[in-house]
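Below, all heavy atoms of this structure are taken into account, side chains as well, without hydrogens, waters or symmetry copies.
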Protein chains: 4
Amino acid sequence: MGTGTGKQQRRGNTRQRIQDVALELFAEQGYEKTSLREIAERLDVTKAALYYHFKTKEDILTSIFDDSTRPIDELIAWGHEQPQPPSLDVRKQVLSRYSEILVDAAPLFRFMQENQATVRDLKTGESFKDRMFGLYDILKDPDAPMADQVRCFSALFTMHGGMFVLKDIDGDPEEKRKAILEVAIDLVTQAHSGD
Amino acid sequence: MGTGTGKQQRRGNTRQRIQDVALELFAEQGYEKTSLREIAERLDVTKAALYYHFKTKEDILTSIFDDSTRPIDELIAWGHEQPQPPSLDVRKQVLSRYSEILVDAAPLFRFMQENQATVRDLKTGESFKDRMFGLYDILKDPDAPMADQVRCFSALFTMHGGMFVLKDIDGDPEEKRKAILEVAIDLVTQAHSGD
Amino acid sequence: MGTGTGKQQRRGNTRQRIQDVALELFAEQGYEKTSLREIAERLDVTKAALYYHFKTKEDILTSIFDDSTRPIDELIAWGHEQPQPPSLDVRKQVLSRYSEILVDAAPLFRFMQENQATVRDLKTGESFKDRMFGLYDILKDPDAPMADQVRCFSALFTMHGGMFVLKDIDGDPEEKRKAILEVAIDLVTQAHSGD
Amino acid sequence: MGTGTGKQQRRGNTRQRIQDVALELFAEQGYEKTSLREIAERLDVTKAALYYHFKTKEDILTSIFDDSTRPIDELIAWGHEQPQPPSLDVRKQVLSRYSEILVDAAPLFRFMQENQATVRDLKTGESFKDRMFGLYDILKDPDAPMADQVRCFSALFTMHGGMFVLKDIDGDPEEKRKAILEVAIDLVTQAHSGD
DNA sequence: CATGAATGAGTATTCATTCAT
DNA sequence: CATGAATGAATACTCATTCAT
């Protein structure tokens, strides 16, 4: 049998490999600056092979996005089943679960964050925005004072920003994640007690 | 005769007009997706004319950045003159002044935020990052617990994010700015009291 | 159970179906602009399947052409058996029979007419031209004055052109065909009486 | 001074040269099969140079067409000033003038004739068709019997077809043109006397 | 101060074709 | 009988940049 490496082993999983390499390069260099030539070369296939698996460049991105995004959709769906306005506990849970999702989908989120301008007029961009507001919808209490609404947004931003800036900072990743989550939870807690 | 509008009036300030139009387009569509042809066309000059005023495309961006960024440099310089670790009052003042700077330089910041991937390997990108860490350096207390450090970062992020997300939200701009500033100040205050 | 429509029913006649769809698309959009992907998709088979039935794209066209063209070959063969120069009656019969052939093979002829440039350096193109001159050979009298030779060509052209332009014009198709045939016969009649 | 050949001399007339070479190649090989690379190579410039002068490939064709087509527009305009239905003399003059126009614009017309399928969904195709019907409108008498209407169309077709088929035939070009014109005039004369 | 003309390197995308299964 | 996966070569088009005038 023998687990052949190289050209042999890669049958059937080309589609997946394209997505992996593409996301890696998109995150590293940006969407516009990553050419299909580059992706193809790194996979050691021709550009045309990419077009066998995906209809367009945008389609590659979309497919990655749709696959990684399911957990968030589930979280949003769960949130919408909860009573409105949300209890503090629901808010905390949302943040907590979101924090874990972010860790898994880190490269994609980093990409989204850093390529907003590019992605804005792609379908992917719209979906992303929708999801952000979807989360915000769950956290927010529309009757709360403005500062408390800001706090909810801020909690989300803290988590996003934190994920990617703190890598330039010393410390254990898991510990950092927890610190970030703590601050975010603090923010919604204050927003809640303001009621 | 007469002062004439249009082509006549725009003598001598072409350089400035290029910067204005360029920033507008960069912010609207992204740096990569904005071509020099587009900038030139909107100004009703030829592409070659742009090269009379600026050495490269990047140079246009750099020049805009350097011009709009001075107030931040001054703020950082002022901050560094203050004793370390910073008093709560200093922290508050930094955020407050930064908040005003952000309002004025909104398009540039929006651009920076949305084009990180692109701008990362431009000189401009480096400078921007330096400035962010410059501000953070002033706010932070290296001996504080991690959560408090996160709070300082979070304060900065809240301000950045707030500026651009809250435009999708109802309410008077100045009021929103104040709410954002309030939350940011709250964050550093808590960070401070943790000492 | 049941004779089943769709995929089931189409056994064995795939080759024919390819030809039909191909001709339809070739006529509609032109040979170059019709891709094998398009043909395959419309038939709900893969491109590779086309290659099971035909060696090349050109081969598809050639096969259609060869199949639809037999009646003309027979007409030409018949014409060549007649005494030279042809009697007026022979000429009339040739036109008359040709008129009917044209009706049946309309899509192919339309295609040929509209894709001359493309088809010129395909085998098919050569064959087509040969056949045109074959017909002309039967009609013409090499000793007649030039104007009469033109009339013979004109008769042929009238029939070709007529078929495809008159569809943009009101009136019953069969009536139009007859009017066209009448004019064509008139032309060869005049050519003949000039002798 | 010296009339430098080669790269020197060709300043200012590049646009014209592109049109010339393009028409030559379009007519020779067809529109689709002529690539911009080929045009550029034959002119010894880069592809990008073509794009300095024309916005798209189609634009090259359109520009050629618009330039060569003016005489026909004038002829149509003149025809529309004449009383309706047209006198026999007007009809003859239209054909006669059209015959001369065709000689001058021969390559373009040959191209149009041979690339109908391709050109159909280009602006140029529409314009061409419009012009054909424009001429037909002048010649036709809507109240005449169908056969006479066919004769008018036939006259036009005879001229078009004649131009390009007769080159495969022996004889002096000018003499052939006259024979063709004679047949065409005969056709409209008959159509007229049928009134 | 600016333009007209051009370039070289690149891009995403499409196509006819092949072949092992 | 047909497909899934891939290729090589091409295509139209765009862009930042240059330079003589």
Side-chain angles (χ1 to χ4, degrees), chain A residues 7 10-15 18 32-40 43-60, chain B residues 7 10-15 31-40 43-60, chain C residues 7 10-15 31-40 43-60, chain D residues 7 10-15 18 32-40 43-60:
Chain A
K7 296 223 174 193
R10 81 186 196 217
R11 213 191 302 99
N13 61 340
T14 305
R15 196 189 142 93
I18 293 171
E32 306 270 9
K33 267 161 41 193
T34 301
S35 69
L36 296 186
R37 179 181 52 70
E38 216 171 345
I39 297 175
L43 285 165
D44 201 34
V45 296
T46 59
K47 268 181 292 169
L50 305 183
Y51 279 91
Y52 177 77
H53 294 281
F54 299 96
K55 276 215 313 256
T56 62
K57 186 184 179 185
E58 181 174 351
D59 203 40
I60 300 182
Chain B
K7 293 221 174 194
R10 80 192 196 214
R11 216 190 303 101
N13 60 341
T14 304
R15 194 188 144 94
Y31 178 78
E32 306 269 9
K33 266 158 46 192
T34 301
S35 68
L36 295 187
R37 176 175 57 66
E38 217 171 345
I39 297 175
L43 286 165
D44 202 34
V45 297
T46 60
K47 267 184 292 172
L50 305 183
Y51 280 89
Y52 179 82
H53 294 283
F54 298 96
K55 277 215 316 254
T56 65
K57 186 184 179 186
E58 183 175 349
D59 204 39
I60 300 181
Chain C
K7 294 222 173 193
R10 80 193 199 215
R11 214 190 305 101
N13 60 341
T14 305
R15 193 189 145 94
Y31 178 79
E32 305 270 8
K33 266 158 44 191
T34 300
S35 68
L36 296 186
R37 177 176 56 66
E38 217 171 344
I39 297 175
L43 286 165
D44 203 34
V45 297
T46 59
K47 268 184 294 172
L50 305 183
Y51 280 90
Y52 179 82
H53 294 282
F54 299 96
K55 277 217 313 258
T56 63
K57 185 184 180 186
E58 181 174 351
D59 204 40
I60 300 181
Chain D
K7 294 222 173 192
R10 81 189 198 215
R11 212 191 303 100
N13 60 339
T14 305
R15 196 189 143 93
I18 294 172
E32 305 270 9
K33 268 160 42 193
T34 301
S35 69
L36 295 186
R37 179 182 52 70
E38 216 172 346
I39 297 175
L43 285 165
D44 202 35
V45 296
T46 59
K47 269 180 292 170
L50 305 184
Y51 280 92
Y52 177 76
H53 294 282
F54 299 95
K55 276 216 310 257
T56 63
K57 186 184 179 185
E58 181 175 349
D59 203 41
I60 300 183

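A search for side chain to side chain donor-acceptor pair (under 3.5 Å) contacts involving B/Lys47 returns nothing, not counting sequence neighbours. For B/Lys55, the side-chain contact (heavy atoms from CB on, under 4.5 Å) partners are B/Asp59, not counting sequence neighbours. With sequence neighbours left out, the side-chain contact (heavy atoms from CB on, under 4.5 Å) criterion links C/Ala49 to C/Val45, C/Thr46. Residues meeting the side chain to side chain donor-acceptor pair (under 3.5 Å) test with C/Glu58, sequence neighbours left out: none. Looking at residues two or more places apart in sequence or on another chain, you find no salt bridge (charged side-chain N to carboxylate O under 4.0 Å, His left out) involving B/Lys57. Not a single salt bridge (charged side-chain N to carboxylate O under 4.0 Å, His left out) links D/Arg15 to another residue, sequence neighbours left out.
Distance CG/B/Leu36 to CZ/B/Phe54: 11.0 Å, rounded to 0.5 Å. Residue D/Ile18 holds its CD1 atom at 5.0 Å from CG of D/Leu50, rounded to the nearest 0.5 Å.
Atom-to-atom, CD1 of A/Ile60 to C1' of E/dT11 comes out at 14 Å; the value is rounded to the nearest Å. Between the CD atom of C/Glu32 and the P atom of F/dA12 there is a distance of 11 Å, rounded to whole Å. Summarising the geometry, the separation between CG on A/Leu36 and P on E/dT14 is reported as 11 Å, rounded to the nearest angstrom. For B/Ile39 and E/dA2, the CD1 to P distance is 16 Å, given to the nearest whole Å. Spacing between atom CG of A/Asp44 and atom P of F/dA6 amounts to 12 Å, rounded to whole angstrom units. Taking atom CD1 of D/Ile18 as the reference point, atom C1' of E/dT7 lies 14 Å away to the nearest angstrom. In this structure, D/Glu58 places its CD atom 18 Å from P of F/dT11, rounding to the nearest Å.
Map C/Arg37 and A/Lys33 each onto its nearest nucleotide of DNA chain E; the residue landing nearer the 5' end is A/Lys33. Nearest-nucleotide assignment on DNA chain E puts the 5′-proximal partner with D/Arg15, out of C/Tyr31 and D/Arg15.
Only B/Ala48, B/Tyr51, B/Thr56, B/Lys57, listed by number, bring a heavy atom of residues 48-57 of chain B to less than 4.0 angstrom from any atom of DNA chain F.
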Canonical and wobble pairing (Watson-Crick, G-U, under 3.5 Å) of DNA chain E, dot-bracket with |: .||||||||||||||||||||
Test log, rule side-chain contact (heavy atoms from CB on, under 4.5 Å), inputs B/Thr14 and B/Tyr52: CA-CA 10 Å; B/Thr14 304; B/Tyr52 179 82; over 6 Å; no
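For the OP1/OP2 pair of E/dT11 and a distance below 4.0 Å, the side-chain nitrogens and oxygens of A/Ser35 include at least one atom meeting the criterion. One finds a side-chain N or O of A/Thr14 lying less than 4.0 angstrom from the OP1 or OP2 phosphate oxygen of F/dA6.
When the nucleotides E/dG8, F/dC13, E/dA12 are ranked by their closest atom to the side chain of A/Lys47, E/dA12 comes out on top.
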